[in-house]
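The first residue of the sequence shown is numbered 1, and numbering continues consecutively from there. Note that this is a predicted model, so its numbers are computed, not measured.
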Amino acid sequence: MSVPRPLIGICAGLANASWDVWSQEAVLLPLNYLTAMMRAGGVPLMIPPDPELVEDPDQILERLDALILAGGVDIDPGLYGAEPHAETETGNPCARDEVEMALVRRALELDLPVLGICRGMQVMNVALGGTLLQHVPDQVGHSQHRRNPGTFQDSEHDVRLTPGSVVARSAGEELHSTKSHHHQAVADIGEGLEVTGWSALDDLPEAIEAPDRRFALGVQWHPEVDETSGLIAALVEAARAYQSARVG
């Protein structure tokens with residue numbers, strides 16, 4: 001009997017979408033996230049922003065072997081005690097922000113493997129009491145972290161990774177080329193997290209992790225669009241180990 005592939009939950013957002021003859025609000029994720037997980041040997045499960053998960057995240061987490069927090073719109077700055085910047089675009093944050101923060105807090109308590117991607121890294125940080133830079137160009141004086149909005153073309157820049165960190169082991173190197181598309185970033189670091197990656201452009205924090213967890217990593221770039229990246233495969237491997245320990 002074959003071992004079931006690990007089940008990887010991934011949080012999806014709400015967006016207006018058009019397909020066939022329809023144009024309406026939909027639960028949405030770029031296909032790259034799902035294909036990257038399947039290519040690495042995981043089974044993806046989309047998680048909508050279900051308000052009931054705020055009070056009882058175990059309803060879904062107890063069925064998962066890992067959790068991914070995907071990219072998307074900006075987080076409501078009120079959740080980290082700030083007023084909105086003119087460039088902040090929260091879309092419809094009412095459910096997604098609170099659901100994802102409840103999920104990641106509980107996932108960390110359970111030591112469930114977690115990977116936060118772009119917005120997902122920021123969700124991890126805010127969920128643990130951290131804050132965000134709402135518009136990176138104000139801080140660093142350039143727009144190289146989101147050169148061409150809406151595309152990853154010409155988006156690459158290097159990130160320096162801490163030797164021996166989860167992110168360095170997952171990437172297989174300590175100077176890692178990344179595909180970047182963000183205008184916000186972590187500022188004050190959340191409780192229990194440490195910065196383990198910095199942009200070679202300007203030393204902006206690009207990776208955070210919880211060193212006391214088996215795999216709790218947030219990255220500011222997008223490994224799902226880079227077939228050479230080992231990060232999602234590393235998460236799936238951690239999910240296999242979690243699955244084995246849970247059923248064993």
Any donor-acceptor pair under 3.5 Å linking the side chain of [X] with the backbone of [Y]?
| X | Y | answer |
| --- | --- | --- |
| T131 | Y80 | no |
| S165 | T162 | yes |
| N32 | D226 | no |
| S199 | L201 | yes |
| D97 | D76 | yes |
| E209 | V166 | yes |

My understanding is that only one of H183, H182, R119, Q134 makes a side chain to side chain donor-acceptor pair (under 3.5 Å) with D74; could you say which? H183
Output, in order, the C-alpha distance, side-chain angles, deciding distance and verdict of side-chain hydrogen bond (donor to acceptor under 3.5 Å, both in side chains) for Q184 and T88. CA-CA 9 Å; Q184 297 198 334; T88 296; 3.3 Å; yes
Return the minimal non-hydrogen interatomic distance between [X] and [Y], and the atom names on each side.
| X | Y | value |
| --- | --- | --- |
| L69 | C11 | CD2-SG, 3.8 Å |
| Q59 | E52 | NE2-O, 3.6 Å |
| P48 | L53 | O-CD1, 4.4 Å |
| D65 | P6 | OD2-CA, 3.3 Å |
| Y33 | G71 | OH-N, 2.9 Å |
| C118 | H181 | SG-O, 3.7 Å |

For the residue pair H157 and H145, does the interplanar ring angle fall in the parallel (under 30°), tilted (30 to 60°) or perpendicular (over 60°) class? perpendicular
Rounded distance [0.5 Å steps], CG in D212 versus CG in D111: 8.0 Å
Starting from L235, can I reach L29 by hopping between I/L/V/M/F/W/Y residues whose side chains sit under 4.5 Å apart?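 Both belong to a single hydrophobic cluster.
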Give a yes or no on whether L204 and W221 share a hydrophobic cluster (residues Ile, Leu, Val, Met, Phe, Trp, Tyr; joining criterion: side-chain heavy atoms under 4.5 Å apart).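 The answer is no; the residues belong to distinct hydrophobic clusters.
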Side chains of [X] and [Y]: is there a donor and an acceptor less than 3.5 Å apart?
| X | Y | answer |
| --- | --- | --- |
| E237 | S170 | no |
| S23 | S18 | yes |
| H85 | D138 | yes |
| E156 | S177 | no |

Indicate yes or no: does D56 engage R106 in a salt bridge with an N to O separation below 4.0 Å. no
Output yes when R160 and D203 qualify as a salt bridge under the 4.0 Å nitrogen-oxygen rule, no when they do not.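 A salt bridge links R160 with D203.
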For W22, look at atom CH2 and say whether over 12 heavy atoms of other residues, nucleotides or ligands are found less than 6.0 Å away.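 Atom CH2 in W22 is not packed in, count stays at 12 or less.
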More than 12 heavy atoms of other residues, nucleotides or ligands under 6.0 Å from CD of E83: yes or no?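 No, CD of E83 has 12 or fewer neighbouring heavy atoms, counting only those of other groups under 6.0 Å.
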Are L132 and V186 side-chain neighbours, meaning at least one heavy-atom pair lies under 4.5 Å? yes
Heavy-atom side-chain proximity of L45 to I60 below 4.5 angstrom: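 Yes; the side chains approach each other to less than 4.5 Å.
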